[in-house]
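The sequence lines fix the lettering, A, B, ..., with proteins before strands; numbering per chain opens at 1. Treat the numbers as computed from the prediction; the structure is a model and nothing was measured.
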Amino acid sequence: MIYVIGIGLKVGHLFLMLCCWIVSVISMNWLGNGGVMDIKIDFLGDGGKLWVKLWEKISGNSFKVHHHYYQYIGSKRVRKTWWWKLLVIWVGFFIIVSLWVYWYMSSQAVEKRKETLASMCDERARMLQDQFNVSLNHVQAMSILISTFHHGMNPSAIDQRTFARYTDRTAFERPLTSGVAYAVRVLHSEREQFEKQQGWTIRQMDTLEETPVQEEYAPVIFAQDTIAHVVSLDMLSGKEDRENVLRARASGKGVLTAPFRLIKSNRLGVILTFAVYKTDLPSNTTPNERIQETDGYLGGVFDIESLVEKLLQQLASKQTILVNVYDITNLSNPISMYGSNITDEGLQHVSGLNFGDPFRKHEMHCRFKQKPPWPWLAIMTSIGILVIAMLVGHIFHATVNRIAKVEDDYHEMEELKKRAEAADVAKSQFLATVSHEIRTPMNGVLGMLDMLMDTDLDVTQQDHVRNAQGCGKALVSIINEVLDQAKIESGKIELEAIRFDLRAILDDVLSLIAGKSQEKGVELAVYISDKIPEMLIGDPGRFRQIITNLMGNSIKFTERGHIFVTVHLVEEVMHSIEVETESSSKNTLSGLPVADRRQSWVGFKTFGQEGSTTFSSSSDLVNLIVSVEDTGSGIPLEAHPRVFTPFMQVGPSISRLHGGTGIGLSISKYLVGLMDGEIGFVSLPKIGSTFTFTAVFTNDCSNLNEQKEQHISNNCSAVSSDFRGMKALVVDPRSVRAKASRYHIQRLGIHVDVVCDLNHGFSIIGSGSKAIDIVLIEQEVWDKDLALSTLFASNLKKIDRGFPTKLFLLTNSIGSTRSVIPTSGNYTPSVIMKPLRASMLAASLQRSMNVGNKGNYRNGELPSLSLRNLLLGRRILVVDDNNVNLLVAAGALKKYGADVVCVDNGKKAISLLEPPHQFDACFMDIQMPEMDGFEATRRIRDKEYNISTRIQHGELSAETYGNVSSWHVPIMAMTADVIQATNEECLKCGMDGYVSKPFEAGQLYREVSRFFL
Amino acid sequence: MEVGQLQRKFVDYTASLFCEGFLDEQFTQLQQLQDESNPDFVVEVVSLFFEDTEKLLNDLTRALDQQSVDFKKVDAHVHQLKGSSSSIGAQRVRNACIAFRNFCEEQNTDACSKCLLQVKQEYSLVKNKLDTLFRLEQQIVEAGGAVPMVG
């Protein structure tokens, strides 16, 4: 059985290998069907060749694999039917193979069985023959004995008694004979004398009567006791015996009768007869002479049945085979000598038997007793092969199906992907289109409102217009958000790298939100670390957008408490424990607990890395970390994972309650990513949220001093110098809040001390060690003990050192301030509304101290008159291929007083703008036939660069070029398409900005003011 | 006719033009660009528009009649037309142009021909309307009145 399994495994392995090879080869060169045929033929033929050929095929075809593979992917249908045919051929082929194996193995088994049978049969036949021959020889010896002692001696030495005794005693030598008898030849002439001499008459064999007269007789004279009854019987009277006797004396050899039933035992037997001659005859004696010389006949009765039985018993495997012995002298009618008559048509073997009588022929037929066993080995092997083949076929089938299915799926997916992408593109396009379509009329509306503001309006009307303008701007900002989202999705957002003042931006954002925070009574504060440089390089617009988003969210969800924005360097936060201890205590801006902001940056990679190795302090990179902390409603835990997903709000009710599109945070996250930063948050329901992000900017240290000057002059220009050197005292028990206040006051150049209560404060003032010009008191402190406050105020008044110490209250909301004023009695402190901003603080201080009250230009107002001022008398070139557009654009610019020149293609523009020229600016359409705006600009810039360098190298004299050494005419793109004309693209080809068509006053002003101010 | 009546008629007519979508606010802006220094600005622009458009429409008709239509050229023409029509605020012409350009991208000659017809129709409509409007304006001026601002 183990052998079977072993063979099965080996065969299986072989076939598997073969299958793999065939499959791989076939799949490789499926187009050349000849290959398959080759393999089939080879496979059936010479195995050795097969491998060689296979190898050649594989190596020969491997380079074609890809080519073929792609081709057959293309024709899916053909491939399918082809696979199917191959599978059927495969299965059919292996059914034939397994049948053949079965047939071969079972025939082997049969052959082996036949051989076994033959050898067993032959063995038995030989033994039988040998034993018979031994008996035969013995009988022959006895015939010589009789010839010698009966006929050779006179009187005879043998009588019946002697013979009987002798034969009895020598019976062991003839185990097969049941008895021997001797008959003499008696001629008729001698009968009487013979009968007289013997004392009995010769009797006939069958009738036992006296024999009638014959020519001669062969009466038995001696017989072994076992067959004593045959004495006096005439052997020539029995038909068989007579024939036997006659043949025996003629041949001189032992002859056999046909088998017959023995008289006594009723068993099958044969009689062996030897003739006894008078003399020893030579072998060439003729039969006639032999007959003449015959004296008598010795006969032995052989019990064939018992003979064979005895013989078989001696052999071991008696049980396994059946033996039949036949006398086939008469071929047409063989006489069975031994064995049952079986008609079974099974396997049989015939062995010839030679009992020494040439006349008689005998055969031994052998059969197995049992039917042949089932050829299990063959069955198992062939079934095994079949099963393996089927399995391989199945694997093959399954693989093909799988491949087909995967391919189908793939195509389906591909289709779906295409559709999804198309849908996405369509969505972005739709968003862009729709927002553009909304923006255009909105710009109209806003422009009209701008104009309306310029007209003579009463207060109510102005208020209404301002409201309308605010709403419109909000709408535009929402649209811009959506547009941003669309841009993010199409990956079109790129960051600018502009120098900007971080503090100014935060002041801006603060002033945006201040209104709301004052309404709600929420305290709002910003703190920026001193270590952050004045000017940074980055994208201020996007940074501002992030801050606005975060603060906008905070103010939306915060009803009480505070919103606190802190900006630090990452290094600072990482190294200073101070920051952490501060925020960990209850020492917060409004005293309400907040979410621990350290939790919000736990996941940041920048912090995960050990030490400050990521920041090389020498480099120009500035790593900012900005936290926006609020005490709002917090974000429910289940909404945490969705916070940065676009269009996700905490719940539908929230969006109804607070409005908004829900994409602000997702945009912020993307923008932070663009700034190489990370954003994270921590939020505790009912306590508040803290959002923290990092961003990397470049330090603008190259011309820091110059920038500083500019910054100061820009920001709070005239006033800041007025406060320089003053000393202020802040009375605030909360160090965090005090720190924020100090930060803003210090920006004005004022030295600040902080005390935690009024008494302490007074003692400082009273000591006179420092001259305090300004005292700022938190309203909370003031309200706590009004009596003390009043006392403090009056005391403050008493200490007069030539200049008044001004008292200010820092307060959050409009409502609460009113209650203060009457109670403070004779001394009314000025009130400063938080949030503090440098400019606002300066203005407040200025107002109450009457320092340098100059008409300050107020930011945020955008008079279209100033646009006129800007453009008046400027020479402007407008380039557009569309005459109508050209006329309209020119009309718009002329309205503001500009001197406009129009050309209708890029080439003319290039020639006009070749230095020297008188143009102050150029507005260029982007999409023009022949040469588009980008290309024209590029060429203009090339020319300008060329000339400028040559002037600088002294190759051209500056006088010829109007004493301008560096030519760069501002070129602005005009476009109706927002998506197409991104700022980046315009900048890339040397443009300085872009304005949308048709012109919008605000945008036009913004762009133009960059060059004409 | 009385000046007041003429003025009222003018206002109504202009309003109807906006209502029916022949014109949009761009036209209003155009009107605002007209002042003492540039008294015939609107008429100037609009007649330039007519002139341009007629030329463009002729070109388009010729281009689409060709055996093998040069869609690039057609698209460029339609783009021009779209730009100028949106500049003067001829909203319906512009919308027809947008549809036209879509079919241009698909290179669908039949649809393009249909679009051309539609553009022509819209153009002749707006031309008639504007002509009427200018006639009214002229009448007001001749009658010694001021053209009222609408929009």
So with a 6.0 Å cut-off around CD of Glu106(B), is the heavy-atom count from everything else above 12?
-> yes
So CG of Asp52(B) and CG of Asn882(A): to nearest 0.5 Å the spacing works out to 6.5 Å
Which answer fits Leu48(B), side chain, backbone, both or neither, if we ask what part of it has an atom under 4.5 Å from a heavy atom of chain A?
-> both
Interface residues of residues 61-73 of chain B facing chain A - heavy atom cut-off under 4.5 Å | none
For the side chain to side chain contact (heavy atoms under 4.5 Å, CB included) test, which of Asn883(A), Asn885(A), Val884(A), Asp881(A) pairs with Gln80(B)?
-> Asp881(A)
Enclosure of Lys127(B) NZ (heavy-atom neighbours >12, cutoff 6.0 Å) = yes
Between CZ on residue Phe49(B) and CG on residue Leu887(A), distance to nearest 0.5 Å = 12.5 Å
About how many Å separate CD of Gln29(B) and CE of Met448(A), when rounded to the nearest 0.5 Å?
-> 5.0 Å
